[in-house]
J.: 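There's a structure below that I have some questions on.
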Amino acid sequence: MKLDDLLAMWRIRALEEKIRDLRLEGSIVGSVHLSNGQESVAVAACSQLRPVDAVYATYRGHGWAVARGVPPREIFAELLGRVTGVNGGRGGSAHFSAPQHGFHGENSIVGAGAPIAVGAALAGRFDGSGRIALTVFGDGAMNQGAVAEAMNFAAAFSLGVVFVCENNRYSELTPIDDMVAQPDLSRRATALGIPAVRVDGNDLAQVRTATRLAVESAAAGRGPSFVEAHTQRIVGHYIGDAEQYRPAGELERDLELEPIARLTRELLAEGVPTEAVARCEERARAEMDAAADAALADPLTDPATAKDHLYA
Amino acid sequence: MKLDDLLAMWRIRALEEKIRDLRLEGSIVGSVHLSNGQESVAVAACSQLRPVDAVYATYRGHGWAVARGVPPREIFAELLGRVTGVNGGRGGSAHFSAPQHGFHGENSIVGAGAPIAVGAALAGRFDGSGRIALTVFGDGAMNQGAVAEAMNFAAAFSLGVVFVCENNRYSELTPIDDMVAQPDLSRRATALGIPAVRVDGNDLAQVRTATRLAVESAAAGRGPSFVEAHTQRIVGHYIGDAEQYRPAGELERDLELEPIARLTRELLAEGVPTEAVARCEERARAEMDAAADAALADPLTDPATAKDHLYA
Amino acid sequence: MPEIVKLNVGGAVNAALARALEEMPETLLYGEDVAKPGGVFGVSRGLHKRFGDRVFDTPISETAMLGAAVGAASFGRRPIVEIMWIDFSLVAFDQIVNQAANVRYVSAGRTGAPLTIRTQQGSAPGSCAQHSQNLEALLLHVPGIRVAMPRTPQDSYDLLLSAVACDDPTVVIENRTLYAGPKDAVEVGGPVRPIGGHRQLRSGADATVVVWGAVTTKVLDAVDRLEAEGTSVDVLEMVWLNPFDWDAVLDSVGRTGRLLVVHEAARTGGFGAEVVARIAESGVALRSAPRRVALDDSRIPSAPQLAAALLPQTADVESALRSLVAGGAE
Amino acid sequence: MPEIVKLNVGGAVNAALARALEEMPETLLYGEDVAKPGGVFGVSRGLHKRFGDRVFDTPISETAMLGAAVGAASFGRRPIVEIMWIDFSLVAFDQIVNQAANVRYVSAGRTGAPLTIRTQQGSAPGSCAQHSQNLEALLLHVPGIRVAMPRTPQDSYDLLLSAVACDDPTVVIENRTLYAGPKDAVEVGGPVRPIGGHRQLRSGADATVVVWGAVTTKVLDAVDRLEAEGTSVDVLEMVWLNPFDWDAVLDSVGRTGRLLVVHEAARTGGFGAEVVARIAESGVALRSAPRRVALDDSRIPSAPQLAAALLPQTADVESALRSLVAGGAE
Ligand SMILES: Cc1ncc(C[n+]2csc(CCOP(=O)(O)OP(=O)(O)O)c2C)c(N)n1
Ligand SMILES: Cc1ncc(C[n+]2csc(CCOP(=O)(O)OP(=O)(O)O)c2C)c(N)n1
Ligand SMILES: [Mg+2]
Ligand SMILES: [Mg+2]
């Protein structure tokens with residue numbers, strides 16, 4: 001079980017690192033946002049969702065897609081502009097979706113995914129699917145009006161939405177604490193009548209429990225919940241970020257806290273054989289290398305199709 | 001003192017009723033929003049402001065303009081499209097301003113005045129004026145993202161802004177309690193780190209105290225405050241509103257609660273002679289009749305000037 | 001089975017909404033004050049009583065309203081959202097341009113956003129600058145968004161139903177000055193037509209007027225005056241702006257050799273420019289230079305006499321037509 | 001006193017910001033990540049250190065940022081606000097269109113909103129649909145808003161200073177693909193010019209190309225190819241879109257009798273339509289029908305090969321010019 005978690009997190013980490021390599025070598029172009037260090041939130045939260053449920057993420061959404069079961073090859077292919085990409089390369093790193101896997105898309109407009117998730121829950125109320133929606137966004141997105149409106153809208157109509165705020169302490173290059181007077185962001189949800197909790201995002205169990213309760217209450221028609229998961233990104237905001245904003249020693253501390261290092265320590269402490277632990281990383285990397293190679297071998301999407309699907 | 005308050009409130013009431021008459025007889029055209037029943041909030045709040053301070057109101061702002069000292073004749077003239085109007089008729093009932101009186105304008109976009117008020121306070125920080133800004137909006141505006149963003153922005157930078165929410169229980173024709181899960185709107189401010197109070201808006205003393213403390217702390221550089229003033233409008237949302245949304249008996253109760261009736265009762269109970277009390281209304285009505293007549297006698301703004309001032 | 005009933009524009013919109021809610025269980029109708037109060041213009045009166053929870057009032061949160069429509073639509077609902085004034089859409093423009101317009105295209109057709117935004121625009125005596133704009137041109141520059149602008153009771157009924165049935169995000173722009181207008185015979189219950197097309201309001205040989213929106217009635221007044229003097233004019237009302245019936249305009253101008261475009265929106269950057277540009281690019285032979293009558297680029301003042309000086313009037317259309325026809329008359 | 005320094009576009013913007021902050025104590029510079037981090041494109045590097053509190057980072061609250069600019073500007077500050085991508089302005093469009101644009105007009109000149117919005121737009125390889133749009137046409141349909149679009153280091157320096165000095169709300173639209181471009185000799189410290197005007201990049205007799213933005217370099221490549229074959233073309237880069245130098249365009253087309261407008265924004269409803277329409281309305285004699293080269297109306301896909309198929313390329317401009325010149329060649 002814990003080894004499965006480790007493997008699941010390694011899959012995301014390995015995917016992100018492979019994407020980074022492809023970006024640095026130039027096979028992938030454009031701005032790319034990695035989720036290294038935040039894998040536990042996606043893995044634990046998605047473990048509590050059912051296929052019918054809808055996830056709305058941000059440009060930092062590769063890990064959430066993987067955790068939802070989107071095939072890595074289709075993600076690599078998407079970022080590589082291949083016809084096998086989940087959107088044939090139209091979405092790219094920051095804006096792809098795979099509805100067939102319950103992954104209803106990244107969004108590159110900060111905060112914009114929250115109201116859309118509310119709509120998915122609204123549909124769930126009428127289509128008998130029992131669907132609930134989970135939308136994840138960052139600490140900085142809490143200052144975007146769209147998120148405040150979405151939370152009140154869901155609260156007023158007790159819609160089944162789980163609002164997950166991945167608080168990684170930075171909004172791009174700026175510390176969230178410099179941009180708010182009240183650092184406890186979860187209070188904003190409470191003030192709207194939404195049950196809210198703050199959890200250690202590096203602790204899979206805490207995120208699982210918080211998400212399970214949120215999903216249960218949403219599914220039971222008791223309305224939205226809010227989960228503030230404290231986490232950290234151990235890479236730049238985007239590939240190429242010089243990260244000059246980090247105080248000395250912070251990254252070192254974060255590398256201790258981050259969920260893969262943490263779970264690895266736990267497993268070894270529990271006496272799980274080193275090989276078993278190491279195999280998770282090896283297996284994940286092998287899978288991602290294979291997926292990337294397959295995607296690289298796939299054909300580029302034909303430019304002749306570039307105008308398709310603008311209208312129904 | 002209390003008689004002055006009564007006169008000040010009657011001035012607003014008489015202005016609004018005169019505007020209603022002019023609207024119904026067709027001299028004023030277009031949609032008009034009256035503040036009958038909410039006069040105490042404007043009178044008490046403005047009594048705590050200095051000339052340098054900036055007030056930002058909404059389309060329901062006639063009373064705030066009067067309380068700021070904008071000459072009634074110039075308000076009537078504005079609504080009548082006269083050259084003597086504060087904006088020569090360009091603003092009209094819902095969008096006029098009189099900066100020379102510290103009234104920086106009504107706004108017809110719900111919530112939009114709040115961020116602008118934040119900017120006035122921002123300027124105050126740099127121009128050595130000591131200016132603070134007061135922005136008033138309704139209960140419904142609390143659900144507009146702009147207000148949430150403005151409050152956090154002011155809180156994060158401790159800008160001198162007083163946020164006044166006139167909670168009159170309705171957003172146009174819809175009860176605010178149907179549109180929120182947490183009816184205590186002031187909690188939203190608290191959650192952002194903004195000191196917030198809820199007061200009986202019909203009690204001049206409560207509004208005065210709350211505003212005084214807010215203005216002091218803003219002027220002292222301690223940042224924004226939030227005042228939720230519970231009030232009621234005893235007329236329609238706009239002239240012509242059928243008010244079918246009112247439960248039976250509500251208006252009757254509100255007519256007991258509204259500040260002019262309330263203060264009148266107080267004064268008579270304190271033994272103030274009926275004539276002295278009655279004189280406030282008579283005087284106010286006489287002033288407003290005279291102001292309206294003067295405005296009606298003023299020339300219409302020349303259409304040849306309609307294109308002026310689009311650019312500097 | 002189709003029947004004829006007497007309805008004004010407000011009644012026609014109400015009838016179309018009722019039919020959509022009746023025949024398409026996946027429709028939802030919501031917006032500020034639309035349910036219990038029946039809408040600030042009374043256009044959705046009775047629908048909450050009749051259809052219950054599928055018709056509801058919302059907080060004053062346009063971004064949440066439109067975002068919710070995008071999400072619900074991608075799951076098979078057909079939300080019909082009222083944005084009370086088109087001016088208010090600007091607080092939530094992201095959800096139209098960056099969200100709704102992208103769903104189908106970016107997902108390569110795997111999902112879509114079949115939502116309808118009902119709004120209204122235009123100047124009315126006394127309305128302030130923030131309640132008077134004509135903003136169709138902003139939407140017409142956004143690939144992926146359909147736009148309709150009905151004016152008559154029949155079109156108000158028909159176009160709204162076509163919009164709701166359409167699988168693209170569609171904005172239906174009404175005009176509040178028309179809701180309470182005179183009743184007219186409206187065929188209801190007929191087949192729901194596909195989107196697109198125009199209305200040929202007058203037929204003539206001397207000039208083509210392309211127009212949309214409430215100002216169309218001013219155009220007809222001006223044209224009728226000229227007709228009395230023997231000048232015959234083709235008047236095309238473009239009730240659908242996207243898709244736009246380019247063939248009809250090209251065909252008419254090809255016959256008349258003269259073009260006047262009239263809209264209430266600001267001239268510069270208005271969609272009239274696109275119409276004039278396409279005609280110019282088409283190379284069709286013109287007998288005189290094309291013209292536009294539109295808002296004389298400005299904000300809109302509240303005082304009626306000031307607004308009237310800036311907005312297109314019948315006299316402006318008439319004199320523009322006279323010079324247009326005089327041009328190349330030889 | 002003016003001096004010549006070598007700067008790329010990013011450096012030129014930085015120098016202009018530094019000068020504005022230095023010479024105009026009423027200026028403020030703020031936006032997301034602009035202060036301590038120096039901007040996501042490094043364009044405001046060093047300014048927070050040098051000018052302290054007048055340069056600050058903001059929450060991700062575009063509506064608050066722009067509203068605060070309107071308020072501060074009406075009290076005599078000159079806020080320079082960075083909106084990181086023009087696409088993001090859509091979450092706050094109300095503050096530009098319904099607020100900033102109305103202040104001076106509605107107050108009948110009693111107050112104003114002398115604010116500057118610095119933003120950047122356009123497609124870049126791999127950028128997603130929400131980070132690729134060219135939206136100048138939306139702003140150009142809003143009376144009251146000035147719009148500039150610099151491309152060279154010199155114009156990036158000059159236009160920004162003119163915008164800050166201008167008493168109208170002004171949007172300066174840069175292009176992120178140009179910031180890190182080659183350095184060029186830039187005259188800094190010279191007199192701040194009034195807004196308006198254009199750049200005559202090539203002079204010729206056979207056709208006029210009107211263009212703005214980064215695509216201008218593609219136009220020059222295409223024009224140079226034709227020049228080599230003896231076709232001479234007038235190229236006007238409209239670095240100011242509002243005010244727009246109509247006289248210059250009319251004069252040029254009057255001489256060449258042929259017009260091509262090129263922009264990266266979507267064709268339909270783009271500002272190119274306004275340029276073609278004004279030429280058509282002017283009645284100036286044309287030797288062949290005017291043309292536009294622009295984004296082939298679409299959302300913008302992330303994959304470079306897909307975006308390239310939709311965006312204007314040098315070859316598109318070249319072939320458009322060839323047919324333009326072939327037309328009416330007799
Ligand atoms: C409306 C909007 N404003 C600004 C941006 C630019 N931007 C992209 S990511 C980002 C920071 C978001 O921070 P946070 O919400 O904490 O998420 P994180 O990147 O830390 O996961 C910003 C400002 C945007 N994409 N959309
Ligand atoms: C952004 C926006 N959405 C909707 C409206 C239409 N509208 C005008 S007033 C109003 C109700 C506002 O209610 P509240 O904030 O409580 O103020 P009150 O009218 O009660 O004083 C609405 C929805 C608007 N003007 N602006
Ligand atoms: Mg963050
Ligand atoms: Mg209210």
Side-chain angles (χ1 to χ4, degrees), chain B residues 23 28-32 59 78-83 85 87-96 106-112 138-148 170-176 178-180 237-238 241-245 300-310, chain C residues 30-42 45 48 56-65 67 84-85 87-92 94-95 123-133 176-177 180 266 268 295-311 313:
Chain B
R23 173 67 178 74
I28 292 173
V29 296
S31 147
V32 172
Y59 47 85
E78 179 62 27
L79 276 61
L80 289 160
R82 300 307 204 266
V83 68
N87 306 135
R90 288 176 169 210
S93 170
H95 193 203
F96 72 76
E106 300 186 294
N107 205 307
S108 274
I109 300 298
V110 166
D139 43 279
M142 292 295 291
N143 294 331
Q144 182 65 220
V147 172
Y170 289 98
S171 313
E172 276 194 343
L173 322 177
T174 299
I176 186 63
D178 295 354
M179 296 298 127
V180 299
H237 168 71
Y238 49 82
D241 175 1
E243 301 181 66
Q244 283 150 336
Y245 46 85
L300 286 169
T301 303
D302 180 356
T305 65
K307 282 214 76 176
D308 301 350
H309 303 299
L310 177 61
Chain C
Y30 63 85
E32 294 149 12
D33 307 306
V34 303
K36 297 204 185 85
V40 288
F41 304 110
R45 215 177 271 130
H48 173 65
F56 57 95
D57 297 308
T58 68
I60 309 170
S61 307
E62 284 77 8
T63 301
M65 288 156 63
M84 207 182 283
W85 253 260
D87 310 73
F88 312 157
S89 70
L90 300 178
V91 301
D94 168 71
Q95 287 292 341
S123 72
S127 289
C128 78
Q130 298 168 325
H131 283 60
S132 299
Q133 296 168 101
R176 67 190 173 287
T177 66
T268 300
L295 169 70
D296 190 0
D297 297 331
S298 174
R299 311 308 308 165
I300 315 253
S302 172
Q305 80 276 16
L306 299 180
L310 300 166
L311 290 159
Q313 305 299 339

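Residue numbers begin at 1 in each chain, while the letters A, B, ... track the order of the sequences. The figures that follow rest on heavy atoms only: side chains count, while hydrogens, waters and symmetry mates do not.
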J.: List the atom of C:Q130, the atom of B:N107, and the distance in Å for their closest heavy-atom pair.
T.: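 Of all heavy-atom pairs spanning C:Q130 and B:N107, the closest is NE2-OD1, 3.1 Å.
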J.: When only pairs under 4.5 Å are counted, which of B:G91, B:A94, B:G145 shares the most heavy-atom pairs with chain C?
T.: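 Answer, by heavy-atom pair count under 4.5 Å with chain C: B:G91.
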J.: How long is the span from the OG atom in C:S302 to the CZ atom in B:R90, to the nearest 0.5 Å?
T.: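 Here the rounded value is 11.5 Å.
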J.: Side chain, backbone, both or neither: which part of C:P304 has a non-hydrogen atom closer than 4.5 Å to chain B?
T.: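 The side chain, not the backbone.
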J.: Given heavy-atom pairs under 4.5 angstrom as the criterion, report whether the side chain, backbone, both or neither of B:Y238 touches chain C.
T.: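 Side chain of B:Y238 only, per the 4.5 Å heavy-atom cut-off to chain C.
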J.: Which heavy atom of B:M179 sits nearest to which heavy atom of C:D57, and what is that distance?
T.: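 Heavy atoms of B:M179 and C:D57 come nearest at CE-O, 3.6 Å.
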J.: How close do C:P59 and B:N143 get, counting heavy atoms only, and between which atoms?
T.: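 That would be CB-ND2, 3.6 Å.
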J.: Let me know if C:S298 has heavy atoms under 4.5 Å from chain B in its side chain, its backbone, both or neither.
T.: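 For C:S298, the contact with chain B is made by backbone and side chain together.
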J.: Can you tell me which portion of C:A303 sits under 4.5 Å from chain B's heavy atoms? Options are side chain, backbone, both or neither.
T.: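 Both backbone and side chain.
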J.: Applying side-chain contact (heavy atoms from CB on, under 4.5 Å), run through B:L300 and C:L306 and close with a yes or a no.
T.: CA-CA 9 Å; B:L300 286 169; C:L306 299 180; over 6 Å; no
J.: If you count heavy-atom pairs within less than 4.5 Å of chain C, which of B:A141, B:P303, B:S108 leads?
T.: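 Of the options given, most contacts go to B:S108.
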J.: Quick one: of B:V110, B:T301, B:T305, who has the most non-hydrogen atom pairs under 4.5 Å with chain C?
T.: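 With the most close heavy-atom pairs to chain C, the winner is B:T301.
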J.: Which one, B:S93, B:G30, B:A304, leads in non-hydrogen pairs under 4.5 Å with chain C?
T.: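 Counting heavy-atom pairs under 4.5 Å, the top option is B:G30.
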J.: Is there a donor-acceptor pair under 3.5 Å between the side chain of B:Q244 and the backbone N or O of C:P37?
T.: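 Not confirmed, B:Q244 side chain does not pair with C:P37 backbone.
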J.: Between B:T174 and C:D33, is there a side-chain donor-acceptor contact under 3.5 Å, judged purely by atom types and distance?
T.: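 On atom types as modelled, these side chains qualify, holding a pair under 3.5 Å.
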J.: Do C:K36 and B:D178 come close enough that some side-chain heavy atom pair is under 4.5 Å?
T.: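 They are in side-chain contact.
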J.: If you count heavy-atom pairs within less than 4.5 Å of chain B, which of C:Q305, C:E62, C:R299 leads?
T.: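 Of the options given, most contacts go to C:Q305.
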J.: Got a second to check how far C:E32's CD is from B:E172's CD, nearest 0.5 Å?
T.: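 Atom-to-atom, C:E32:CD and B:E172:CD are 7.0 Å apart.
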J.: Contact part of C:I60 toward chain B, heavy-atom cut-off under 4.5 Å: side chain, backbone, both or neither?
T.: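 Contact with chain B is through both the backbone and side chain of C:I60.
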J.: Would you mind checking which part of C:M84 comes under 4.5 Å of any heavy atom in chain B, side chain (CB onward), backbone (N, CA, C, O), both or neither?
T.: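 When you check distances to chain B, only side chain atoms of C:M84 fall under 4.5 Å.
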